[in-house]
Amino acid sequence: MTAADNLEPVRSRYLVIGSGIAGLQFALLAARSGTVQVVTKKESRESNTNYAQGGIAAVVSPLDDFELHIQDTLVAGAGLCREDVVRKMVEAGPELVERLVGYGVAFTREDGDQGREFSLGREGGHSRRRVLHCRDLTGREIETHLVAACRADERVHLHENQIGLDLLQGKDAGLTGADAERVIGCVVQDRNTGSRSIYLADAVVLATGGCGKVYSYTSNPDIATGDGLAMAFRAGAELCNLEFVQFHPTCLFHPEAKSFLISEAVRGEGAVLINRSGERFMAKYHAQADLAPRDIVARSIDREMKTSGDPCVFLDLRHLDRKHIEDRFPHLVERCRRFGIDMAGEPVPVVPAAHYMCGGVAVDLDSRASLPGLYAVGEVACTGIHGANRLASNSLLEAVFFASRAAEAVADEPVLAAGITGRLRESWQRRNPVPSQVEAMVLEHDWDTVRRIMWDYVGVVRDKARLDIALARLRGIRETVEKLLSQAPRSPEVVELRNIALVGEMIVLCARSRHESRGLHFTLDYPDLLPVAEDSRLRKGVPLAGETCYEPSVSPEDE
Ligand SMILES: Cc1cc2nc3c(=O)[nH]c(=O)nc-3n(C[C@H](O)[C@H](O)[C@H](O)COP(=O)(O)OP(=O)(O)OC[C@H]3O[C@@H](n4cnc5c(N)ncnc54)[C@H](O)[C@@H]3O)c2cc1C
């Protein structure tokens, strides 16, 4: 422990880790029944939510129907969705959207700001126009208003630049019996000063988002390192379906463009994919051509690139009305222009990139994880909504739906945090050894290696041989990380490297255990579907398809 560490725990009824749409929506609703501390590892707005472009799917048009949205979701999910859960979410959609409007979110309307009808976009896999959007900056608009609402609520306390390191459990405070496994808080580190604090709460809510940074190419911002997945696993919670990584088909292919996504809504407005010879190729692969589900589009692009040897394909909007494009996608047009590309006037180079994690911490309809006191909401959770593949624009809806369910459920959690004293301090010291020096170069090298391995061996198309290579190499790196952890300063980079290495390994383990191709998981060894759809389930110390999951060996006395 360092002198700068904060020895007095911060106690509250609820602790939220993450300030994207899921964490903030939870905080606003849960504040009605208790105080909420929200810790977030960068500035409040920095999240996947902030970059969502397309919008949020909900049945708000008289031309649409709950049944159609449910069916579209189930079809995309390829047999692994929980239909009862999907139904509840879809039926709640209109009310959830109205609540966002109540926070001030200005969804684009037909006939300008005063128009009564929402302007609805259409995206791949949707049988109707049903995607509410704020031009092409939907996520930023939602995030801005939710952050403002949280700041205005005196029962919600937002702490920026605080990175959650590991969950605390009853056993860390000397609790025994059923309370030993209960999640009671989190060790948190200030990114700027390095000082650490303990947060204790009666319910701990993981809202840490996705893990796109596990791959070399991703649409996700830097925060998406799968920290919540890794923390939950280390604490012993069940995770499932991590093999279902959605690759967005169209990220801008440009040496200076980092994580720049060209929304699927662009194809919804009529843009088409072409190869270097100018051929529209999607009709070769699927009846819905350019509006086929994302996994099909990503695989088709992968196939075109591998067959031709070209590093990218192109999105063609030249046949569309320039004014309409500039009006509908002003942000995209401007960003492309900054890279020297005239989006409406020339083919835009694109490649697939890791975009969304469909699996996650296994939760029930109230977002409860398998450990008492622990909840997971948003992209970090596996709720049964997405199954083997996410329908576009269902994730923002899922996040607000499950955040609302969790906010009701947590009110029943017993009051515990206020009375916990125990031996937290010693436990914390064991988990956070005194820092020493480590070479930044080693760190950076391992970061790149993990991401490269995942990209090369665990990408859009998989096979057993490559998964085995990935597993062996990731394990080697993990051992290095473990060594680093016992010596290294707990810089955010080490914390995140530890997490991406573990998440990569977990994705490989889930992928190896699935002996079929379903939804987003496509393997050359098992190209067919098995007759019965089953979740892959992962838990610390429990073998999955013959391989026991990684158990951290940093501080064995913790166990
Ligand atoms: C470019 C892009 C476009 C997208 N477009 C759409 C779309 O149009 N429609 C749609 O439905 N979905 C879209 N998605 C997906 C959607 O944005 C996300 O799934 C959703 O926003 C996730 O919300 P969340 O609250 O779960 O996580 P996030 O919004 O990612 O928030 C996670 C939060 O956790 C914090 N955090 C992470 N780790 C820690 C830690 N260790 N300690 C403390 N804090 C931590 C982060 O800093 C962040 O505040 C898009 C995603 C991307 C990347």
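Counting starts at 1 for both ligands and their atoms, in listed order. Fair warning: this is a prediction, and the values are worked out from it, not measured in the lab.
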Would you compute the distance between atom [atom1] of [X] and atom [atom2] of [Y] and round it to the nearest 0.5 angstrom?
X	Y	atom1	atom2	answer
Q25	L396	CD	CG	11.5 Å
H145	R140	NE2	CZ	12.0 Å
H386	R82	NE2	CZ	12.5 Å
L332	E326	CG	CD	12.0 Å
I56	I142	CD1	CD1	5.5 Å
K42	N50	NZ	CG	12.0 Å

Tell me, which protein residue and heavy-atom name are nearest [atom], and how many Å apart are they?
atom	value
atom 34 (O) of ligand 1	G18 CA, 3.1 Å
atom 16 (C) of ligand 1	S395 OG, 3.8 Å
atom 44 (N) of ligand 1	K41 N, 3.1 Å
atom 27 (O) of ligand 1	G209 CA, 3.2 Å
atom 28 (P) of ligand 1	N48 N, 3.5 Å
atom 22 (C) of ligand 1	E379 OE1, 3.8 Å
atom 52 (C) of ligand 1	H355 CE1, 3.4 Å
atom 21 (O) of ligand 1	T49 OG1, 2.8 Å

For ligand 1, which atoms, with element, lie under 4.0 Å from some heavy atom of [X]?
X	value
Y356	19 (O)
G378	26 (O)
D227	38 (N), 39 (C), 40 (C), 41 (N)
S219	1 (C), 53 (C)

Using a plain distance cutoff, I'd like to know if [X] has any nitrogen or oxygen under 3.5 Å from a nitrogen or oxygen of ligand 1.
X	answer
I56	no
V380	no
P221	no
Y51	no

Below 4.0 Å from any atom of ligand 1, is there a heavy atom belonging to [X]?
X	answer
I21	yes
A399	no
T138	no
G55	yes
I163	yes
E43	no

Using heavy atoms and a threshold below 4.0 Å, how should the contact between [X] and ligand 1 be classified: side chain, backbone, both, or neither?
X	result
H133	neither
A207	backbone
T208	both
Q162	backbone

Evaluate E398 against R390 for salt bridge (charged side-chain N to carboxylate O under 4.0 Å, His left out), listing each step before the verdict.
CA-CA 10 Å; E398 181 204 36; R390 176 186 72 125; over 6 Å; no
Verify, without hydrogens or angle tests, whether [X] (side chain) and [Y] (backbone) share a donor-acceptor contact under 3.5 angstrom.
X	Y	result
Q162	E160	yes
R451	S216	yes
T108	S119	no
D202	A417	yes

Would you check, one step at a time, whether the test salt bridge (charged side-chain N to carboxylate O under 4.0 Å, His left out) holds for R337 with E334?
CA-CA 5 Å; R337 190 171 292 141; E334 176 49 32; 3.5 Å; yes
Residue pair R335, E256: steps toward the salt bridge (charged side-chain N to carboxylate O under 4.0 Å, His left out) verdict
CA-CA 12 Å; R335 295 257 338 248; E256 283 154 37; over 6 Å; no
Look at atom 14 (N) of ligand 1 and find which of H159, E46, R390 reaches it with the closest heavy atom.
R390
Would you call the rings of H126 and H69 parallel, tilted or perpendicular, taking 30° and 60° as the class edges?
tilted
Is the H254 ring parallel, tilted or perpendicular to the F339 ring (thresholds 30°, 60°)?
tilted
So, H331 and Q53: side-chain donor and acceptor under 3.5 Å apart, yes or no?
no
